[in-house]
Amino acid sequence: GSLTAQDLGPQPLELKEAFKFFQRQFNRSYLTPEEHARRLDIFAHNLAQAQQLQEEDFGTAEFGVTPFSDLTEEEFGQLYGHRRAAGGVPGMGRVVGPEEPEES
Amino acid sequence: VPHTCDWRKVAGAISSIRNQGNCNCCWAMAAAGNIEALWGINFLKFVNVSVQELLDCGRCGNGCYGGYVWEAFLTVLNNSGVASERDYPFRANFRPHRCHAKTSNKVAWIQDFIFLPDNEQRIAQYLATYGPITVTINMKYLKLYQKGVIKASPTTCDPQFVDHSVLLVGFGSDKSEGMGAETVSSPSRHPRSTPYWILKNSWGAQWGEEGYFRLHRGSNTCGITKYPVTARVQKPNVKPQLSCPP
């Protein structure tokens with residue numbers, strides 16, 4: 001069935017199994033039990049997030065466990081985002097269209 | 001515009017999926033992929049160009065904190081070309097004053113770069129005729145994406161807030177069972193066609209559809225039409241030797 005944040009409670013068995021499988025699949029290990037527990041929580045949160053994206057999507061996409069399932073949004077944004085463009089493009093604007101390739 | 005186009009089917013034209021690791025250099029990897037693909041389909045020269053040179057020699061500096069695709073093109077223009085990945089390998093970090101473009105052998109260069117109109121039909125036409133294009137999108141849906149065609153609304157994926165640069169390498173339509181919006185007038189079940197873009201990411205081949213992902217085509221999903229920009233390696237209007245396979 002679907003795992004959502006509400007009904008996770010103490011970590012259910014299948015969540016732990018899923019997390020073990022994730023660790024094997026993407027070669028993840030954590031130095032301390034505390035870190036492991038924290039990453040498990042983040043993993044559960046991301047599963048719930050994936051469920052929400054699934055409900056929001058109008059296409060045929062599938063969301064779920066990926067190599068980033070143990071990262072928070074902040075960590076993911078720091079590692080894989082493209083921060084500077086978020087502020088827009090200073091003074092660049094549109095330059096040419098295909099039918100005027102002579103301009104550049 | 002052909003119905004489908006997939007530059008990945010031209011052997012060697014699209015270089016293998018990269019992994020930016022701990023360095024926010026999607027902009028440099030998208031630009032490098034663009035230049036590699038254009039050299040492949042225009043000159044049948046299949047090269048891997050140096051992302052690290054784009055990072056080290058960019059005017060903005062510290063491209064591991066993010067950057068712009070057009071900055072990468074300007075770097076290649078300023079240096080009159082770019083070295084190979086082999087000669088100037090990727091290190092996933094940035095050090096100031098480490099640029100050694102002057103001593104490296106150039107394996108590719110560009111004539112200039114252009115922005116395309118924010119029109120998906122025109123983008124598809126250009127892509128099919130001249131080759132892959134870099135685009136910058138809102139990456140909200142990508143972190144937990146596994147496969148399939150992402151179709152988001154502007155409220156769930158703001159097309160004005162774009163924060164990730166990738167390479168557009170093709171387009172097609174996905175036939176799947178179910179009632180599509182176009183068929184609402186005839187409730188009987190029959191195949192629904194979902195037009196999509198094929199995009200090359202730089203998060204490794206374990207992510208998505210072997211490193212690629214698909215976005216719905218025709219609805220400016222996640223802002224794909226905001227900054228379509230591509231280098232040019234030939235004089236204007238000169239068509240490549242190869243055309244996009246269906």
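The sequence lines fix the lettering, A, B, ..., with proteins before strands; numbering per chain opens at 1.
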Inset, instruction - Inspect the contact between Glu56(A) and Lys140(B) and indicate whether a charged nitrogen and a carboxylate oxygen are less than 4.0 angstrom apart. - result: yes
Inset, instruction - Count the heavy atoms of every other residue, nucleotide or ligand shown that sit under 6.0 Å from OH of Tyr30(A), and state whether that count exceeds 12. - result: yes
Inset, instruction - For residues Phe76(A) and Trp203(B), establish whether the separation of their ring centroids is below 6.0 Å. - result: yes
Inset, instruction - Determine the option with the most heavy-atom pairs under 4.5 angstrom with chain A, choosing from Ser153(B), Gly208(B), Gly204(B). - result: Ser153(B)
Legend entry - Ile150(B) and Phe63(A): CA distance, side-chain angles, deciding distance, side-chain contact (heavy atoms from CB on, under 4.5 Å) verdict: CA-CA 10 Å; Ile150(B) 298 169; Phe63(A) 301 89; 4.1 Å; yes
Legend entry - CZ/Arg28(A): more than 12 non-hydrogen atoms of other groups inside 6.0 Å: yes
Legend entry - Side-chain donor or acceptor of Asp174(B) paired with backbone N/O of Thr60(A) under 3.5 Å: no
Legend entry - Which atom of Ser69(A) lies closest to which atom of Leu144(B), heavy atoms considered: OG-CD2, 3.9 Å
Legend entry - Shortest non-hydrogen contact from Thr66(A) toward Trp207(B): CB-CD1, 4.3 Å
Legend entry - Derivation of the side-chain contact (heavy atoms from CB on, under 4.5 Å) call for Phe26(A) and Gln206(B): CA-CA 9 Å; Phe26(A) 297 110; Gln206(B) 278 191 301; 3.6 Å; yes
Legend entry - Per-residue contact mode, Asp158(B) against chain A (heavy atom under 4.5 angstrom): neither
Inset, instruction - Run the numbers on Gln146(B) and Val65(A) for side-chain contact (heavy atoms from CB on, under 4.5 Å), then give the verdict. - result: CA-CA 7 Å; Gln146(B) 287 180 333; Val65(A) 176; 4.2 Å; yes
Legend entry - More than 12 heavy atoms of other groups within 6.0 Å of Gln121(B) CD: no
Inset, instruction - Verify the neighbour count for atom CD of Glu35(A): are there more than 12 heavy atoms of other residues, nucleotides or ligands below 6.0 Å? - result: yes
Legend entry - Smallest separation among heavy atoms of Gln20(B) and Leu79(A), with atom names: NE2-O, 3.8 Å
Inset, instruction - Check each atom of Cys157(B) against the heavy atoms of chain A and say whether the ones under 4.5 Å are side chain, backbone, both or neither. - result: neither
Legend entry - Nearest-0.5 Å distance that lies between atom CG in Asn24(B) and atom CD in Gln78(A): 7.5 Å
Legend entry - Max heavy-atom pair count under 4.5 Å with chain A, selected residue of Leu142(B), Thr156(B), Ile123(B), Asn138(B): Thr156(B)
Inset, instruction - Would you sort out whether Lys143(B) and Gln49(A) count as a side-chain contact (heavy atoms from CB on, under 4.5 Å), showing the intermediate values? - result: CA-CA 10 Å; Lys143(B) 175 188 175 188; Gln49(A) 185 75 9; over 6 Å; no
Legend entry - Smallest separation among heavy atoms of Tyr145(B) and Ala61(A), with atom names: CE1-CB, 4.2 Å
